[in-house]
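First up is the structure itself, then whatever we jot down about it.
The residues of the chain are indexed from 1 along the displayed sequence.
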Amino acid sequence: MRHQTIMPILFTLVILLLVNSPPPATAAGCYTSIFSFGDSISDTGNFIATGAYNPICNSPYGETFFHHPTGRASDGRLIIDFIAEGAGLPYLVPFLQGENKHQDFKKGINFAVVGATALKTDFFQSKGITLPMTNYSLSFQTQWFKRLLPSLCSSDSECKNMLGNALFLMGEIGGNDYYNAFIDGRSVEEIRTFVPFVINAISSAISALIEIGARTLLVPGNVALGCIPAYLDLYQSSNPEDYDQETGCIKWLNEFSQFHNLLLHNELELLQQLHPHATIIYADYYESMMAILQSPEQYGFESPLVACCGNGGYYNYNKSCVCGEVCSTVCNDPSKHFSWDGLHLTEAAYKVIATSLIQGKYTSPPITHTCFLGTNTEQLSSTFSM
């Protein structure tokens, strides 16, 4: 009788432990590959492979982690690199580099390119805006992926399995659509009219990828433009009302970012209803960035609105002498800086943002609902308490 009483109790305890226990570390393998699209926030080497010149091809880019320029617009790793680490996957091979070297793309490919826009070049031509470099727009990048897909899987079932277990990172994209217009001197009122077109381009790319089999898509919003040194330098104002008293960021620029993010979030909700078999996750780069800027000391950052690498001025940003050019200088300790070159962030900043995303704090629905990113997440979390 005693054994008959104990056994059901033990069985119940085992079930409770299984249900309430966190996923095992091996769950870090729930994404078998990552496919990334976007611009300089995600590019890990595609722009360099084009042969075009940009100061990111020079030192001190890459100095912190890789110890040489890799094509990443930072001193080290980017958000996509930390996500790959958390998933237990290798750093993503840049498509244009790997294609030339016949590398294995099956664990991940990066299609993001420095300077890329969500919209095609003809949109800007119709507005009289000249893009400063060759543009590999979002639709261009998705075409690359479609062209490559037959070499990644050879049957419908194999493709379905591969795409269904992959994470698709859709950006950030759209920042250059706005930046090129702002530096062209366009008004914020005019540039606001671009936003629905940008959102539609992102939405079309997401739909196209879902149609061919994508099932988990992480879609970042715009960063806080009013906190970027290049914008702060461009729109310096003597009116204190233009600035947020807590952070020093330009309020109207941040309101513009929030407008983009609101429209994007609303569009993603509509897409989720249209594609219930897919999981579309919004990544809130804006709020994850603002959380740092509101308490920079908590993360070890000093003067967060001053670029580490640049050429003087209040924000250490000078568009006539940018980081990577011989006239620029670099700070002694990038890990204490939030901004790297006035347009992009340091590895230390990207690490904090990536950690918050991996933990699910700034993703909706939380990315942890689709994948627990294992022991590497814990390693990141032990470095930065969120």
Determine whether a donor-acceptor pair (N or O, by modelled atom type, separation under 3.5 Å) exists between the side chain of [X] and the backbone of [Y].
X	Y	value
S295	I292	no
E172	G175	yes
Q272	I280	yes
Q245	P240	yes
Q141	Y136	yes
N180	N176	yes
D177	A118	yes
S257	V223	yes
N161	S157	no
T346	H337	yes

Can you find a heavy atom in the side chain of [X] that is under 4.5 Å from one in the side chain of [Y]?
X	Y	answer
D184	K127	no
S151	F105	no
K336	C331	no
L92	I34	yes
L78	I41	no
I281	L217	no
I56	R72	no
T279	R215	no

Of all the heavy-atom pairs spanning [X] and [Y], show the shortest one and how long it is.
X	Y	result
L163	F168	CD2-CZ, 3.7 Å
I367	L218	CD1-CD2, 4.3 Å
S36	S42	OG-CB, 3.8 Å
G115	M133	CA-SD, 3.9 Å

Whether W252 and Y235 hold their rings parallel, tilted or perpendicular, with breakpoints at 30° and 60°: perpendicular

Under 3.5 Å side-chain donor-acceptor pair for [X] and [Y]:
X	Y	value
E269	Y282	no
E347	S74	no
S40	D43	no
S328	N311	no
N239	S237	no

Criterion side chain to side chain contact (heavy atoms under 4.5 Å, CB included) on F338 and M289, from CA distance to verdict: CA-CA 10 Å; F338 181 75; M289 185 173 170; 3.5 Å; yes

From CA spacing to verdict: side chain to side chain contact (heavy atoms under 4.5 Å, CB included), I80, Y91: CA-CA 8 Å; I80 183 59; Y91 298 134; over 6 Å; no

Report the distance from atom [atom1] of [X] to atom [atom2] of [Y], rounding to the nearest 0.5 Å.
X	Y	atom1	atom2	answer
Y61	I48	OH	CD1	11.0 Å
S339	H344	OG	NE2	9.5 Å
L343	L345	CG	CG	10.0 Å
C308	D333	SG	CG	8.0 Å
I199	E267	CD1	CD	7.5 Å

K361 vs D284, salt bridge (charged side-chain N to carboxylate O under 4.0 Å, His left out): CA-CA, chis, key distance, verdict: CA-CA 9 Å; K361 287 197 172 185; D284 198 338; over 6 Å; no

Answer yes or no: are there more than 12 heavy-atom neighbours, outside [X] itself, under 6.0 Å from its atom [atom1]?
X	atom1	value
D122	CG	yes
Y53	OH	yes
K251	NZ	yes

Aromatic F82 / basic R77 pairing, under 6.0 angstrom, 45° off normal: no

Disulfide (SG to SG under 2.5 Å) between C371 and C30, intermediate numbers included: CA-CA 6 Å; C371 183; C30 54; 1.7 Å; yes

Joint cluster assignment, F197 & F140, ILVMFWY side-chain distance < 4.5 Å: yes

Cluster link I173 to I183, ILVMFWY, side chain under 4.5 Å: yes

Sole residue of T370, N165, T216 in side-chain hydrogen bond (donor to acceptor under 3.5 Å, both in side chains) with Y31: T370

Partner of N222 by side chain to side chain contact (heavy atoms under 4.5 Å, CB included), out of V198, L264, N261, N254: N261

Audit row: Q97, N46, side chain to side chain contact (heavy atoms under 4.5 Å, CB included) steps and yes/no: CA-CA 6 Å; Q97 287 188 22; N46 281 311; 5.7 Å; no

Trace of the ring-ring contact (aromatic ring centres under 6.0 Å, His included) decision for Y285 with Y350: CA-CA 10 Å; Y285 280 13; Y350 283 137; 8.5 Å; no

Residue pair N110, T44: steps toward the side-chain hydrogen bond (donor to acceptor under 3.5 Å, both in side chains) verdict: CA-CA 7 Å; N110 197 340; T44 56; 3.0 Å; yes

Under 2.5 Å between SG of C159 and C153: yes

Ring pair (Phe, Tyr, Trp, His ring centres under 6.0 Å) partner of Y178, the single match among F256, F259, F194: F256

side-chain hydrogen bond (donor to acceptor under 3.5 Å, both in side chains) evaluation trace for N135 with S137: CA-CA 6 Å; N135 183 32; S137 67; 4.8 Å; no

Chi angles and distances behind the side-chain hydrogen bond (donor to acceptor under 3.5 Å, both in side chains) call for H260, Y286: CA-CA 11 Å; H260 167 96; Y286 180 95; over 6 Å; no

Ring centre gap for F35 and F111 strictly below 6.0 Å: no

Stepwise side chain to side chain contact (heavy atoms under 4.5 Å, CB included) test for L167 and I83: CA-CA 10 Å; L167 174 67; I83 291 175; 4.0 Å; yes

